[in-house]
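Structure first, then comments.
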Amino acid sequence: SSSESIDTDIITLSRFIIENQRNFQNAKGNLTLLLNALQFAFKFISQTIRKAELVNLINVQNHSISINSTGDVQKKLDILSDEIFLNAMKSCGVVKILVSEEQEDLIIFNTVEGEDETSYAVCCDPIDGSSNLDAGVAVGTIVSIFKILPETKAKYADPNELTKNVLRTGHDMVAACYAMYGASTHLFITFGDGVDGFTLDNNLGEFILTQPNLKIPEQRSIYSINEGNGYNWDESILEFLKFLKDPKSEMNKSTKSPYTARYIGSMVADVHRTFLYGGIFSYPCDKKNPNGKLRLLYEAFPMAFLMEQAGGKAVNDFGERILDLKPTHIHDKSSIWLGSTDDIDKYLKFIHDK
Ligand code: P6P
């Protein structure tokens with residue numbers, strides 16, 4: 001009988017964290033507490049989305065079932081996911097500050113015991129790409145994590161002092177990750193020592209290590225950008241894309257085939273594909289979004305950290321490294337070009353030679 005070889009030594013995210021906690025900056029296991037709260041939030045959001053999607057589908061026919069039996073008005077999934085995430089961060093006892101795409105102001109928790117405790121500032125977009133949910137398109141949760149600066153601990157009372165913890169360069173992140181709620185639920189995470197990919201096993205309720213030490217392909221002729229914004233772009237961007245599509249252009253001499261277009265309109269899905277297939281993802285500035293559309297703290301920073309750790313690059317329209325940038329406001333935006341090194345280098349050469 002063909003006995004299916006069952007892997008009896010699987011590495012769950014929980015085991016991975018314990019086995020590696022000495023490596024990444026994990027003061028007294030507090031990062032472990034934070035990561036366990038994070039993975040719970042991802043599992044809960046994943047389940048909520050899938051349940052809501054099913055209920056929504058039933059809703060379409062019956063118009064009677066709301067997401068909860070008490071008949072409350074069905075909360076939008078992005079509000080629900082934000083509440084799930086906020087409660088998980090508040091209750092883990094090592095998060096001092098939360099910045100969320102859904103919350104105008106920074107949130108300060110008083111659940112951190114003792115001033116000498118290592119605590120964290122977490123920035124997140126609980127459901128990035130939520131406008132695609134009704135179309136069944138993959139959405140995700142994107143997270144960046146900073147350690148609270150010791151010098152801001154003394155003045156717990158002064159929110160302005162605490163805001164310094166999240167108005168710093170991307171190099172200060174201690175970890176970054178995203179969960180993607182697609183056909184499966186995937187989690188890509190970095191602690192500054194490479195990227196590891198996990199897949200949620202719904203029966204076990206565990207994230208399983210499926211793509212250890214993931215590296216992005218060095219080159220792939222795929223570009224991912226919303227060309228519908230073309231009339232609002234700087235002329236040079238149209239020119240660069242023209243080169244990418246021209247089979248005879250200098251850009252394609254080494255790769256022979258012109259670039260093909262892939263755009264989902266959900267950042268997590270477009271970036272996830274870029275990690276696995278390679279190529280370029282970009283959201284440049286345009287006349288409607290003079291500073292770009294994507295947010296620095298909880299979209300550009302975490303994706304740039306992950307991309308660089310996977311051997312890729314992440315720069316803004318001017319070719320500056322995303323991780324070198326520093327926000328002045330928690331919801332600051334940035335243009336972004338991220339992906340395979342060879343492909344991003346074509347953009348950098350193009351703007352340099354201009
Ligand atoms: P556009 C989704 O609304 C989002 O914030 C990102 O997930 C996505 O990459 C981008 O905006 C899509 O924007 O203008 O192309 O629809």
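Remember, it's 1-based here, ligands and their atoms both numbered in the order they're listed. Any value given below was found using the heavy atoms of this structure, including those in side chains, with hydrogens, waters and symmetry copies removed.
- Ranking the protein heavy atoms by distance from atom 13 (O) of ligand 1 puts K293 NZ, 2.9 Å first.
- The G265 neighbourhood of ligand 1 comprises atoms 2 (C), 8 (C), 12 (C), with distances under 4.0 Å to a heavy atom of that residue.
- Residue N229 has no N or O atom closer than 3.5 Å to an N or O atom of ligand 1.
- In this structure, the side chain of E101 does not engage the main chain of D125 through any donor-acceptor pair within 3.5 Å.
- The ligand atoms of ligand 1 that sit less than 4.0 angstrom from a heavy atom of N226 are 1 (P), 14 (O), 15 (O).
- For atom 7 (O) of ligand 1, the closest non-hydrogen atom of the protein is D128 OD2, 2.5 Å.
- Ligand-side atoms of ligand 1 in range of S266: 7 (O), range being under 4.0 angstrom from any heavy atom.
- Looking at ligand 1, you won't find any N or O of N132 less than 3.5 Å from one of its N or O atoms.
- Under a 3.5 Å cut-off, the side chain of D286 and the backbone N or O of N289 do form a donor-acceptor pair.
- Here the two rings, on F240 and W337, have centers that are under 6.0 Å apart.
- The heavy-atom pair separating F198 from I189 by the smallest distance is CE1-CG2, 3.8 Å.
- Atom CD of E320 is surrounded by more than 12 heavy atoms from other residues, nucleotides or ligands within 6.0 Å.
- Note on ligand 1: D270 sits outside its first shell, no heavy atom being nearer than 4.0 Å.
- Judged purely by atom type and a 3.5 angstrom limit, S340 uses its side chain to pair as donor or acceptor with the backbone of P217.
- For ligand 1 and Y263, the ligand atoms under 4.0 Å from any heavy atom of the residue are 1 (P), 12 (C), 13 (O), 15 (O).
- Which of E299, E227, M303, M267 comes nearest to atom 9 (O) of ligand 1 through a heavy atom is settled by distance: it is M267.
- Without hydrogens or angle criteria, D332 side chain to T328 main chain gives a donor-acceptor distance under 3.5 Å.
- Ranking the protein heavy atoms by distance from atom 14 (O) of ligand 1 puts Y283 OH, 2.6 Å first.
- With F188 as the fixed residue, the ring-ring contact (aromatic ring centres under 6.0 Å, His included) test singles out one of F42, F305, F275: F275.
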